[in-house]
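Since the structure comes first, as structure tokens, the remarks are kept for the end.
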Amino acid sequence: MCFILRKIMKYIKLLVSMFMLISINVYAEKIPFTDIISLPDTDDVVLSPDGKHIAFTSKVDTETHQGILVVLFNTETNKSKNLIFSNNEKYTISNIFWGSDDVLLIKARFPSSKRGTLVTETRLLKLDINTKKLSGVLSKSFLKRLHYISNVLTDVIDLLPEDEDHILMGINYLGQFNGKGIVKVAITEEGSTSIYQHPREFVSRWLTDSKHNARIAVSLEEAVYTVFEKLPNGEMRTLWQFEAFSKQQVWPRGFGADHNILYVKALHNDKNAIFTVDLTDPKLTKKLVFNHKRRDVSGRLRRNKETNEFVGIGYHYWQEDYKAFVKALDTALPNTKNLLLDKSKDGNKYILFASNDNEPGVYYIGDRKNSRIEFLAAKYNKLTPDVLSEKEKISYKARDGLKIHGYLTYPKGAKKESLPVIIFPHGGPISFDGSGFDYWTQFFANKGYAVLQMNFRGSSGYGHDFMQQGLAAWGQAMQDDVEDGARWLIKEGIANKDKMCIAGASYGGYAALMGAVKTPELYQCVISFAGVTDVQAIVLNSQKYMNHEVVEKQVGDQYFKLRDNSPILHADKIKAPVLLIHGTEDRIVRVDHSEEMYDELESEDKNVQFVPIENADHYLSNNKHRLQTFRAMDKFLDKYLPVKSE
């Protein structure tokens, strides 16, 4: 990446970010959709503990090479060098982070099969930034000593900041239900790998305290979670026990500077909030640290590396110095959401990410001592606020009176009436659509469609009761909320009732197909990417995993009802043209779902297209796969829901 060019662009980008110039009020000139849907030009920006280096991933798209490059930038010399390249085919780089000042850790994943079960294998790699030597953190000789090799080998529990040669990882090396143990793993030639904590049955997660002792274990057995504290004598004390999705949930998040103070997530006035618990207190009293009145608190806990104390979560801070610091950043960049991504160990240098609906993101590097912040890189080089659409917060009432929140994105410069519309329910379904850049939404808006994203009941973020209304409710009231959103758009005069398509991915793909089943007259076309078509199959397939009972609670255990709410049984009811797209190596929703749905629609002589994306995963991690997917959608929409140019 050319950092000289970046410095020239810095002040231009700052002006764009700070002033957000308003575009003309006619349909804006369309931009190439490849610019919107391609992988980010710069992503996963991380700062070394000493603040001397920044590592990031960079998209490579040339005639001879397509993939991801890991780049190293020296903050003192302003020089960069390439470290490694991956074509994202045999394996995908999922993220990078620092193990020490000289060792970069890389999480990679690839599709595989284990004992006849399709799985995603994950591996943790170590990269010496000085020699560029890349290898697995777990040596072949160590792996040969294990009784069982788990498909998940990326669970980093503790980076051991005072020990540059080791990290702690959670690994199941005895078998599926024997639970995880902890391995002290060497990340340099000077270190040696050894067992740190033997596995305990059904334990799926460990936490270490501020003294790096294995202190908290979380087990799962028959949809019941138990949180244990490991005592100095080795005994396990039960702290909390609760059923999946119950109001009694208490989730340990991490220890503060005091090795007896545990931060937990639990409910406060029906919303997820952050508390502290003193483990020396026999009553385990929860003390409220941070909550939001209207929303669940979510995100990663933020730690002050100087004091080792937690100071915030996500975009929110409760420690006064950090609150003041972030407020100053927000004053300097008032028109973006500003996320403090990373800080050096001494607290001086930091990485800031500024973004919003129509700003995909700008990375800045800051220096607190010199009160300086400089442009580092744009997440997408060709996308700026003047060419992208903003999201508008909306709400409507479902047929039973429940208030549903969501977002509406208009085509740039369009009149807000009688528009062609994409109804776009999210995946999960225990997830939510929020503000911020979304390449799917921008793709649709750039083609001239208004896009409705609704957080139907069962979505996360709106409290426990709201989420619970989605349990075992696929195709029922959750689906009605989607339909009610479409009809609200028509009633408000925003949507042209004869120009409406429903599209989605994963659960959203399921909702798109069920929308076509339940209200065949409402939609003129249907797009399902990696959509679930047989709900019963999802539950039955989960029997191979520890969380089977949790899946039954979430999706349902009445198989006749699951089948009845599966699109695959109702192909005869669908009238609109259907586009099915699915990655052949999808390990979240198997490609069988789309293959079998295609066969059913074909047998009913329906208008259906099936586009298998060879070797693609559930997340479209490979740029080539993204292009294939969106070219298919682009062509399909042009045929069945064309938009007139103004």
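These numbers come from the heavy atoms of this one structure, side chains and all, not from hydrogens, waters or symmetry mates. Residues take their numbers from the sequence shown, with the count starting at 1.
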Any donor-acceptor pair under 3.5 Å linking the side chain of [X] with the backbone of [Y]?
X      : Y      : result
Thr62  : His65  : yes
Asn446 : Lys30  : no
His593 : Val535 : no
Arg587 : Val119 : yes
Ser38  : Asp35  : no
Glu121 : Arg109 : no
His582 : Ile613 : no
Asp44  : Ile96  : yes

Ignoring hydrogens, what is the shortest heavy-atom contact between [X] and [Y]? Give both atom names and the distance.
X      : Y      : answer
Cys525 : Leu641 : SG-CB, 4.2 Å
Ser460 : Asp296 : C-OD2, 4.3 Å
Leu134 : Leu125 : CD1-CB, 3.8 Å
Ser389 : Asn358 : O-CB, 3.4 Å
Arg123 : Ser150 : NH1-O, 4.0 Å

Any Lys/Arg nitrogen of [X] or [Y] sitting under 4.0 Å from an Asp/Glu carboxylate oxygen of the other?
X      : Y      : answer
Asp534 : Arg563 : yes
Glu483 : Arg399 : yes
Lys391 : Asp433 : no
Lys90  : Glu585 : no
Lys379 : Asp43  : yes
Lys606 : Glu600 : no
Arg590 : Asp592 : yes

For a quick check under 3.5 Å, do [X] and [Y] share a side-chain donor-acceptor pair by atom type?
X      : Y      : answer
Asp438 : Gln453 : yes
Ser542 : His548 : yes
Asp386 : Thr384 : yes
Ser621 : Arg626 : no

Walk me through it: do Phe56 and Tyr363 pass the test ring-ring contact (aromatic ring centres under 6.0 Å, His included)?
-> CA-CA 11 Å; Phe56 58 90; Tyr363 294 99; 8.4 Å; no
Please lay out, stage by stage, how Phe443 and Tyr439 fare under the test ring-ring contact (aromatic ring centres under 6.0 Å, His included).
-> CA-CA 6 Å; Phe443 164 75; Tyr439 72 92; 9.1 Å; no
Nearest-0.5 Å distance, [atom1] of residue [X] to [atom2] of residue [Y]:
X      : Y      : atom1 : atom2 : result
Ile149 : Asn172 : CD1   : CG    : 11.5 Å
Asn623 : Asp61  : CG    : CG    : 5.5 Å
Asn95  : Lys107 : CG    : NZ    : 5.5 Å
Lys499 : Tyr449 : NZ    : OH    : 7.5 Å
Thr519 : Lys573 : OG1   : NZ    : 12.0 Å
Ser594 : Ile581 : OG    : CD1   : 9.0 Å

Show me, pair by pair, the donor-acceptor contacts under 3.5 angstrom made by side chains of residues 501-518, not counting sequence neighbours?
residue : atom : partner : partner atom : Å
Ser506  : OG   : His618  : NE2          : 3.1
Tyr510  : OH   : Gly475  : N            : 3.1
Tyr510  : OH   : Asn565  : O            : 2.7
Lys518  : NZ   : Gly475  : O            : 2.9

Reference residue Leu601; test side chain to side chain contact (heavy atoms under 4.5 Å, CB included); the match among Val608, Thr533, Asp572, Asn607 |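 Exactly one pass, corresponding to Val608.
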Are Phe33 and Phe630 an aromatic pair by the rule of ring centers under 6.0 Å?
-> no
Is the Phe432 to His426 ring centre distance short of 6.0 Å?
-> no
Give the C-alpha distance, both sets of side-chain angles, the deciding distance and a yes or no for side chain to side chain donor-acceptor pair (under 3.5 Å) between Tyr407 and Asn455.
-> CA-CA 9 Å; Tyr407 291 86; Asn455 288 315; over 6 Å; no
For Thr154, the side chain to side chain donor-acceptor pair (under 3.5 Å) test, sequence neighbours excluded, returns Thr122
Do [X] and [Y] come close enough that some side-chain heavy atom pair is under 4.5 Å?
X      : Y      : value
Ile404 : Lys397 : no
Thr336 : Ser355 : no
Gln524 : Tyr640 : no

Is Arg457 positioned over the aromatic face of Phe466, cation under 6.0 angstrom from the ring centre and no more than 45 degrees off axis?
->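 No, Arg457 and Phe466 do not form such a contact.
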